[in-house]
Amino acid sequence: MVPKMTEQKTNTFDVLIIGGGPVGMMAALLMCQRGFKTALFDRLDYQDILNANYDGRTFAYAYGSKLILEKAGIWAALEKNAQDIQDIFVTSEGPGEGLHYASKEIADHPMGFNIETRHFRSVVYKALQNQKNFHLFAPCDIDEVTFHQSHVEVQLKGEDQAFTAPLALAADGKNSFIRQQVGLKSKCLPYDQKALVFVIDHEKHHKNCAYEHFLKTGPVAILPMQGNRCGVIWSLNSDRADHYYALNNEDLGAELSLYFSEILGPLKIAGERWLFPLDVTIVKNYVAPRLVLIGDSAHAIHPVAGQGFNLGLRDVSDLSEHLSQAKGLGLDLGSLALLKDYEKKRRKDVLSMTGMCDGLVRLFSNDNKSLGHLRRMGLDLTNKLPALKKTLTRHAMGL
């Protein structure tokens, strides 16, 4: 049962979080576990968000993200619905050629895990209900967010009381209205692509392998799920994505089978489909006085390497630790100097991952013959350089 707004008896908090998606939810949990009295605001009803049909995506969790979730005490509940990823195959010309990353070459644990987003939402929400210092305001509409010298204030539509805290976190997505309000500059670079997301059933077992197949029209990722199932993220030119989205399941399955039937055997589409426009959003600064941008509001990247959510998890993990240390020293949680230290720590990770994903998409998603030769050479060379391959594998693991 979602707490009602009328049940809240106080309006003063340590942290206000605007946006209750996966990153916002995780931020709330980590902040509460660090002892911060936390308010989470979202425009959607959480009974709708927790519905199995609300979000059909799966997230690939790097091994480093697993460590964050383990520390937060929720990995045991997530693990029963997690499919481990032992190998990743990257191909540009066909499923039989390309680059192979194997976890066993550098570690005794998987490269990562694949979990349906609905399971993640459910587990984190349940954990939040056990936090006495957590307060949920959903569904709600924010009327105004005002930044003062000493605090930030949120006013809801239809509510007389205001909610205040030394710090606000914006987790309201790549088109963040909070980011726009405070004037933090961003640049959006469209790919003219959309991600078609769905689940497939297939005859052969996936053998705990993930596949990233680069087509001229864009990359298609196949992520293993429990049983003979896989999650598909197919990034396509916008017109083609609209066309494929309109196909019936049999015809769409036939299109995907052209590239993967040899590996997975006969396959068919299972359940619903989702379509998401793709672009990269680069934000110059992630912080302002009494404000931190987290998740897509700070860095929206292409799903080509499945690293967007992992970046968001590292945001909230680093931030919760940073703020906890500041609290122990009696510092002002919203001071710009304190937040700039956090921003400096996160910048290298964010920019390197953004650049890598953007470079992959622009290098592989075209039919330039010269680049095609370069792509094949690059994959082949990486396969033959163990030191480079090991570094890239650790990067993919989030380590």
Give the cluster check for [X] versus [Y]: same hydrophobic cluster or not, with ILVMFWY residues linked at side-chain heavy-atom distances below 4.5 Å.
X: Tyr342; Y: Ile17; answer: yes
X: Ile263; Y: Met225; answer: no
X: Leu215; Y: Phe198; answer: yes

So do [Y] and [X] actually touch side chain to side chain, heavy atoms under 4.5 Å?
X: Leu323; Y: Met31; result: yes
X: Leu252; Y: Arg273; result: yes
X: His109; Y: Ser103; result: no
X: Leu223; Y: Phe59; result: no
X: Asp87; Y: Ile85; result: no
X: Thr117; Y: Arg121; result: yes
X: Lys37; Y: Val15; result: no
X: Val232; Y: Val199; result: no

Rounded to the nearest 0.5 Å, what's the gap from [atom1] on [X] to [atom2] on [Y]? Could you check?
X: Phe309; Y: Asp296; atom1: CZ; atom2: CG; value: 10.5 Å
X: Ile301; Y: Cys357; atom1: CD1; atom2: SG; value: 4.0 Å
X: Ser235; Y: Leu278; atom1: OG; atom2: CG; value: 5.0 Å
X: Leu30; Y: Met25; atom1: CG; atom2: CE; value: 12.0 Å
X: Leu267; Y: His202; atom1: CG; atom2: NE2; value: 8.0 Å
X: Gln33; Y: Lys71; atom1: CD; atom2: NZ; value: 10.0 Å

If you draw a 6.0 Å radius around [atom1] in [X], do more than 12 non-hydrogen atoms from other residues or ligands fall strictly inside?
X: Lys340; atom1: NZ; result: yes
X: Lys204; atom1: NZ; result: yes
X: Lys327; atom1: NZ; result: yes

Which one of Val124, Ile74, Leu29 satisfies the side chain to side chain contact (heavy atoms under 4.5 Å, CB included) criterion with Leu69?
Ile74
side-chain hydrogen bond (donor to acceptor under 3.5 Å, both in side chains) between His302 and Asp279, worked out
CA-CA 6 Å; His302 197 284; Asp279 53 55; over 6 Å; no
Apply side-chain contact (heavy atoms from CB on, under 4.5 Å) to residues Leu196 and Phe276 and explain how you reach the verdict.
CA-CA 7 Å; Leu196 181 58; Phe276 302 96; over 6 Å; no
Specify whether Phe89 and Tyr211 have parallel, tilted or perpendicular ring planes, treating 30° as the upper limit for parallel and 60° as the lower limit for perpendicular.
parallel
Within 45° cone and under 6.0 Å: Lys66 NZ/CZ vs Tyr61 ring:
no
Tell me whether the guanidinium CZ or amine NZ of Arg347 lies under 6.0 angstrom from the six-membered ring centre of Tyr286 and within 45° of its axis.
yes
Do the side chains of [X] and [Y] get close enough for a salt bridge, i.e. N-O under 4.0 angstrom?
X: Asp141; Y: Arg43; result: no
X: Asp349; Y: Arg346; result: yes
X: Arg229; Y: Asp201; result: yes
X: Asp172; Y: Arg179; result: no
X: Asp239; Y: Lys194; result: no

Kindly state whether the ring of Phe137 and the ring of Phe163 have centres lying under 6.0 angstrom apart.
yes
Aromatic ring proximity Phe13/Phe36, centre distance under 6.0 Å
no
side-chain contact (heavy atoms from CB on, under 4.5 Å), that's the test. Do Leu275 and Val197 meet it? Break it down for me.
CA-CA 6 Å; Leu275 197 62; Val197 178; over 6 Å; no
Which heavy-atom pair separates Leu291 from Leu167 by the least distance, and what is that distance?
N-CD1, 3.7 Å
I need the minimum non-hydrogen distance between Ala60 and Asn310, along with the two atoms involved.
O-ND2, 2.9 Å
Go through the steps for Thr164 and Val152 under the test side-chain contact (heavy atoms from CB on, under 4.5 Å), then give the verdict.
CA-CA 6 Å; Thr164 66; Val152 58; over 6 Å; no
Quick one: do the Gln193 and Asn237 side chains pair a donor with an acceptor below 3.5 Å?
no
Using distance alone, with no hydrogens and no angle criterion, decide if Thr91 and His213 have a side-chain donor and acceptor under 3.5 Å apart.
yes
